[in-house]
Structures are given as C-alpha cells and as structure tokens.
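Values below: all heavy atoms of this structure, side chains included; hydrogens, waters and symmetry mates excluded.
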Amino acid sequence: MSISRPLSLSTAMFGLALAATCSVSLASSSPSNQQPTQEKKAEAILSEPSFDVDELAAKRIEVSDAPSENGGYALLAKDVVIVRAQKRDLAGIRRLRMTRGQQPTMWFRNNKSSFTVTDPTLVNKAIDLDSQVATIASQQSAEMKQLASAMRAARTYDRELAQLRMERAQTRMSTLSGTKSTQDPALTSQKVAENQVKRKEINQQIKSLEASQRTTEAQLDHAVAVRDAGMKQIEVDALKAGLNQA
C-alpha cells in the first residue's frame with residue numbers, strides 16, 4: 001500500500017521504496033466510510049510540522065498509520081526506520097530518533113502508555129521481521145517503474161498513430177480533390193500497421209505487469225500483517241522480561 005524519495009505507493013496497504021537512497025513509504029489500515037482515505041492519512045502524516053522525514057536519516061524509511069487505534073510501533077535502526085503510529089505520537093518518535101541517533105531502538109504504544117526497547121536481541125528480531133517486507137517492497141517498486149515505462153511507450157505509440165492517421169486522411173483528401181500528395185499512401189498504411197502491432201504488444205505487457213503488481217501487492221499485505229504480528233509479540237516479550245523503558 002505506503003510518498004517516497006523515490007515514491008512508491010501501493011493501492012492496498014502501502015507503497016514502499018527500497019533503495020540505497022532515502023525513501024518514505026505510506027501505509028494505513030483499511031479505511032471505512034467514516035475514516036479518512038489512505039491518501040488523506042498519508043498527507044496528514046507528512047504535513048505534521050513536528051515530523052520531518054528527512055531528519056530520520058536511513059536508507060529505508062517507512063511511515064504509515066498504526067495497525068490499531070490504541071497501538072503502534074517504531075523500529076529505529078541505522079539503515080531502516082519503520083514507523084507505524086498515530087499522528088499524535090510522531091513528535092515523540094522524532095525526539096527519540098534525534099536523542100538516540102542511529103542506536104537501534106524500538107518504540108511501542110500500548111493504549112495510553114508508551115515505552116522503548118533497546119535490547120539487541122529483540123531489536124535484531126524486529127529487523128529480521130522487516131526483511132521480507134523490504135524484499136517484496138523492492139520488487140513492487142521495480143514493477144511500478146516497469147509499468148510506468150510501458151505506459152509512457154503506449155502514449156508515444158498513440159500519438160504516432162494519431163499523426164499517421166491524419167496523414168492518411170490528408171492523402172485521401174488530396175486524391176479526391178485531384179491534387180498531388182506529398183505522402184506515400186502505401187508507406188503510411190504500412191507504418192500504421194506496424195504501429196498497431198507494437199501497440200498491441202505494449203498492451204499485453206501492461207496487462208502482464210498489472211497482474212504481477214496485484215500479486216505482489218497481496219504478498220506485501222501478507223508480509224506486513226506477519227510483521228505487525230511479530231512486532232506485537234516482541235512488545236509482549238519485552239514487557240514479560242521487563243526490558244521496557246519509559
């Protein structure tokens with residue numbers, strides 16, 4: 001599902017960009033008719049003045065809505081920052097990142113209270129949980145670029161076809177009026193036929209890419225759900241072991 005630098009936006013959960021450059025992904029839980037749309041939630045998060053994603057300084061950054069109304073978590077590590085939180089918690093998460101820098105830290109929201117976890121074993125477990133999401137998100141980003149390229153090619157062929165058809169019509173008008181045309185009608189017709197073949201190939205490519213995107217999106221949704229469940233278990237384990245810090 002998750003604006004990015006570069007942007008990857010999924011239509012279901014979030015779109016996620018994964019690269020050597022900093023990226024921001026936006027996600028939200030499934031909206032109802034009474035809730036803001038995913039896009040509005042994304043805009044609300046990024047428009048929060050106390051939360052500047054550029055300050056997070058990581059190779060992969062995912063900022064999204066909390067998986068539940070009274071919960072949420074954040075993973076703040078050297079190369080990855082995952083924030084699944086309500087807007088009201090963003091300022092505190094930012095302060096935590098600014099205070100601890102790139103020292104691996106986790107933050108959890110549990111109803112009205114929140115706490116942090118710095119235990120290396122639990123933090124590394126959280127990073128491992130995110131690895132599958134990161135892999136699928138990278139695949140999704142690549143597919144989106146391929147689809148965008150194919151759609152640009154389709155528009156180019158459409159413009160060329162419109163021009164060729166206009167030339168063919170002008171040739172016919174010249175023939176009817178008895179004037180000499182500057183265009184070879186046979187050559188123009190050949191170009192039209194070649195254009196249509198290429199356009200059909202592009203259509204098939206676009207359909208294939210769209211089908212792949214739907215599959216990848218479903219895989220991404222599942223991976224995020226698995227990660228959310230794993231993060232919840234880490235929260236429970238930290239509380240049981242007394243590893244939580246105010």
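Ala66 and Gly72 make their closest contact through CB-CA, 4.2 Å (heavy atoms, listed as atom of the first residue, atom of the second, distance). Between Asn70 and Arg109, the shortest heavy-atom contact is O-CG, 3.6 Å. Contact record, Ser131 with Asp128: OG-O, 2.6 Å, taken as the closest heavy-atom pair. Among all heavy-atom pairs drawn from Ala137 and Leu220, the shortest one is N-CD1, 4.0 Å. The two residues Gln102 and Lys78 make their nearest non-hydrogen contact at OE1-CG, 3.5 Å.
Tracing side-chain contacts under 4.5 Å through hydrophobic residues (I, L, V, M, F, W, Y), one never reaches Val197 starting from Ile202; they form parts of separate clusters. Each of Leu147 and Met144 belongs to its own hydrophobic cluster when Ile, Leu, Val, Met, Phe, Trp and Tyr are linked at side-chain heavy-atom distances under 4.5 angstrom.
Annotation for Leu239: hydrophobic cluster partners, listed by chain and number, are Tyr73, Leu75, Val80, Ile82, Met106, Phe108, Phe115, Val117, Leu122, Val123, Ile127, Leu129, Met231, Ile234, Leu243 (ILVMFWY side-chain heavy atoms under 4.5 Å, direct or chained).
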For this session: Take Val81 and Arg60, measure what side-chain contact (heavy atoms from CB on, under 4.5 Å) needs, and give me the verdict at the end.
Result: CA-CA 6 Å; Val81 170; Arg60 188 174 100 78; over 6 Å; no
Exercise. What do the steps show when you test Thr156 against Arg152 for side-chain contact (heavy atoms from CB on, under 4.5 Å), and what is the final call?
Worked result: CA-CA 6 Å; Thr156 298; Arg152 285 194 299 269; 5.5 Å; no
For this session: Any chance you could lay out the side-chain contact (heavy atoms from CB on, under 4.5 Å) test for Trp107 and Val83, step after step, and finish with the verdict?
Result: CA-CA 9 Å; Trp107 170 94; Val83 178; over 6 Å; no
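In this structure, the side chain of Arg97 engages the main chain of Ala77 through a donor-acceptor pair within 3.5 Å. When atom types are taken as modelled, the side chain of Ser212 and the backbone of Ser208 share a donor-acceptor pair closer than 3.5 angstrom. Judged by distance alone, with hydrogens and angles left aside, the side-chain atoms of Ser113 form a donor-acceptor pair with the main-chain N or O of Asn110 at under 3.5 Å. Using modelled atom types, one side-chain atom of Asn195 and one backbone atom of Tyr157 make a donor-acceptor pair closer than 3.5 Å. Using modelled atom types, no side-chain atom of Ser114 and backbone atom of Lys112 make a donor-acceptor pair closer than 3.5 Å. A donor-acceptor contact shorter than 3.5 Å links the side chain of Thr215 to the backbone of Ala211.
Arg199 and Asn203 are linked by a side-chain donor-acceptor pair at a separation below 3.5 angstrom, with hydrogens and angles left out of the test. Remark: the Thr118 side chain and the Gln103 side chain contain no N/O donor-acceptor pair separated by less than 3.5 Å. Thr188 and Arg168 share no donor-acceptor pair across their side chains, judged by distance under 3.5 Å alone.
Taking Glu143 as the reference, nothing meets the salt bridge (charged side-chain N to carboxylate O under 4.0 Å, His left out) condition, with sequence neighbours excluded.
Within a 6.0 Å sphere centred on CE of Met173, other residues, nucleotides and ligands contribute 12 heavy atoms or fewer. The local environment of CZ in Arg88 is crowded, with over 12 non-hydrogen atoms from other residues, nucleotides or ligands closer than 6.0 Å.
Using a cut-off of 4.0 Å between Lys/Arg side-chain N and Asp/Glu carboxylate O, Glu62 and Arg227 are scored as salt-bridged. Using a 4.0 Å cut-off between charged side-chain N and carboxylate O, Arg214 and Glu217 make no salt bridge. A salt bridge does not link Asp65 with Arg84: every distance from a Lys NZ or Arg NE/NH1/NH2 to an Asp or Glu carboxylate oxygen is 4.0 Å or more.
Of the candidates Lys198, Gln190, Lys191, Glu194 forms a side chain to side chain donor-acceptor pair (under 3.5 Å) with just one, namely Gln190.
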